[in-house]
Structures are given as C-alpha cells and as structure tokens.
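Per chain, numbering begins at 1; letters A, B, ... match sequence-line order.
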Number of protein chains: 2
Amino acid sequence: MNIKQAGEAAGLPAKTIRYYEEVGLIRPLRGANGYRHFRESDVHKLGFLGRARALGFTIEDCRLLLSLYEDKTRASSEVKAIASRHLAQISHKIAELRAMEATLSHLVSCCAGDARPDCPILGDLAPPPNQPA
Amino acid sequence: MNIKQAGEAAGLPAKTIRYYEEVGLIRPLRGANGYRHFRESDVHKLGFLGRARALGFTIEDCRLLLSLYEDKTRASSEVKAIASRHLAQISHKIAELRAMEATLSHLVSCCAGDARPDCPILGDLAPPPNQPA
DNA sequence: CTTGACCTTCCTGTGACTGGAAGCCTTATC
DNA sequence: GATAAGGCTTCCAGTCACAGGAAGGTCAAG
C-alpha cells in the first residue's frame, strides 16, 4: 500500500504521514523504487495516531501512548496518568477561553455597532487614565 | 523611559515589546546611544495591546483595533465586527475542546488505572477491527 | 512515447513569542 | 582610571504540527 491509500485508509493526509515518519512515530518499509510501503500494522498505527491527535494529545504523548499500546504488559495507570494530565490541560484551556468569551460577549453586546465612534470595546481595551494618589 | 520600565508599566516583557516594534505595532523613538525611548503614548499603546492580546486577539487584529482606537472618526460597527468574529472563533474553539474533554473524561473515568494492562482509553484509540460486509 | 498521477526529498512559512549569544552602553564602586 | 554589574542592542535558533510548493524520479495507460 502506498502513502496515499494508507492516508485514505487512516484518514490522514500524506504530508502528515511523512511527518510522522520523520519524527519516528511509524517506520514503513521501502520498496526498491524508494516508495514507502505500508503494512496493515502501519495503517493501524496511523489510525491510532489520528484518533489520539483528534483528542488533542501532543506528538510526544502520542509516542508514549503508542508504545504503551504496543506493550501488552503495560499498566493502565500509566495510560490514565497521561490522559488525566492532558484532560487537566484541556480543562484549563477551556476555562481561559470561557473567561475571554464572557468578557468579549459582554463588550460586544454593549457596543452599538453603528456609525458613531463611541465604543465600549475600545474603552475597555484602553488603559485607565493616570490615577494620582 | 527605557524598554524595561516601559514593560513594567505596561505589564509586558521587553522581548515582547521588541517584537511588537518589529511587526510595526509601535514605533518608539531612539536615543543617540541606540536605546529605545518610550513616551507616555507608547506605554499607553502597549497597555492597549496587552489587554487585546489577553482577550486572545491576534496580532493582526490588534493592528486593526489599534488603528481604530486612534481614529477618532471610526464607526463602532467596525470594532464590533472584529470582536464578534473573534468571539465566534473562541466559541468554536471552546466547543471543540469541550467535545475532547467529554470524551477524555469519560475514558479516564472508565480506566481502572491500576497495574493491569486492560485500558478503555487505549481501546478507544485503537482502530476497530476490519468489518467485512 | 507521452501524459498524468503518483512518489520522493528539501526548503520555507505558520503565530507570537522565548532563550541565548555576542557585544556595546551606563552607572556605581574602588 | 579600572572594573564589574546590569541594561541595552541585534541576530539566530527553537517552539508545534504540520502545509505548500519546487524539482525531479516512477509508473500505468493509451
């Protein structure tokens, strides 16, 4: 199987697959013409990687998860630790974004959005005037 | 005022201020020794930029917002349009992250996290076996 | 034999910085 | 005057996970 078919089977663009090989996540065979040859197991790994990436795991986490996936003697606690850490980061990011969203939606709703220059959004971004003691 | 004081006044690291000058967001004066000299108006702009960035606006949005901020004949609708577009992007991102969070938290809660190898997290990441028609 | 669709590698760019090296300037101290 | 600390300058590399594109080799069909 060449790179394009492998990509279609795994739902990943060829560029991404080449990148995954470059960083050592997969090691497809090579034909005499230099073309990469993907076995079922490679496509399987690519599918794994695609799903892990879709859940937001970094490439390094994917590397760890993949090695645990292939280690049949792993402890599930190791997997859980990685996922929990990642989950915490996602939750943290959501909290940040929700704070931004709250501020912005308030400002947007307060802005007339007409031809006049008065604008609470800019008013909020502007630094406060010097406050003498 | 030199770059460090300006940074402290605006709440930004010196590196960031140099970067903002490089991309043309600010144009501080230069002394005979080559040092940047920050006026009150520069520090004012830096504060504006810091707040806009804290709300997640891109540098290019900041550039637009800053020009609108300084254009006293602006229409608030222009500002509102930028902010609304950004707000939509944030909401979209939040939705993506929440979907990840939901999936991950479910998987994490299902994982025993002990010394055994069985792990629903890896089970979910693994591709489904071939399904013959 | 040519065309078109593949494949290869290599280089560049993304966004918004951050870290670090090498070197000049200033201020304080001795 | 010498020196050391700290601040300033520029420039380069690295971040993260690719995407776009150039230049060129390969393969199957007609």
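Neither OP1 nor OP2 of D/dC16 sits under 4.0 Å from any side-chain N or O of A/Tyr19. Regarding contacts with the backbone of C/dT18, a side-chain N or O of B/Thr16 is found under 4.0 angstrom from either OP1 or OP2. Taking 4.0 angstrom as the limit, A/Tyr20 places none of its side-chain polar atoms (N or O) nearer than this to OP1 or OP2 of D/dA17.
Between the CE atom of B/Met1 and the P atom of C/dT26 there is a distance of 19 Å, rounded to whole Å. Atom pair B/Leu49:CG and C/dA16:P shows a separation of 12 Å (rounding to whole Å applied). A straight line from NE2 of B/His86 to C1' of C/dG15 spans 14 Å, rounded to a whole angstrom. Rounded to a whole Å, the CD1 atom of B/Ile59 is 10 Å from the P atom of C/dG15. Whole-Å rounding puts the B/Glu60 CD to C/dG15 P distance at 8 Å. Across the protein-nucleic acid pair, B/Phe57 atom CZ and C/dA16 atom C1' stand 16 Å apart, rounded to whole Å. Summarising the geometry, the separation between CD on A/Glu22 and C1' on C/dC11 is reported as 12 Å, rounded to the nearest angstrom.
Over its length, the helix from C/dC1-D/dG30 to C/dC30-D/dG1 turns its helix axis by 30°, as judged from the five terminal pairs at each end, rounded to 10°.
Here CG of A/Leu68 is found 5.0 Å from CD of A/Glu78. Values are rounded to the nearest 0.5 Å. With values rounded to the nearest 0.5 angstrom, B/Leu12 atom CG is found 13.0 Å from B/Tyr19 atom OH. The distance from the CG atom of A/Leu25 to the CD1 atom of A/Ile59 is 5.5 Å, given to the nearest 0.5 Å. To the nearest 0.5 angstrom, B/Asp42 atom CG is 11.0 Å from B/Arg27 atom CZ.
Applying the ring-ring contact (aromatic ring centres under 6.0 Å, His included) test to pairs two or more places apart or on separate chains, none has a residue in residues 91-127 of chain A.
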Which letters describe nucleotides 3-15 of chain D, given B = protein heavy atom under 4.0 Å from base, S = only from sugar-phosphate, - = neither?
----BSBBB----
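Between A/Phe57 and A/His86, the angle of the ring planes lies from 30° to 60°, which puts this pair in the tilted group.
By the 4.5 Å heavy-atom criterion applied to side chains, B/Thr16 and B/Tyr20 are counted as neighbours.
No donor-acceptor distance shorter than 3.5 angstrom exists from the side chain of A/Arg116 to the backbone of B/Ser76, with no hydrogens or angles considered.
B/Glu101 has no carboxylate O lying under 4.0 Å from a charged side-chain N of B/Arg98, or vice versa, which leaves the two without a salt bridge.
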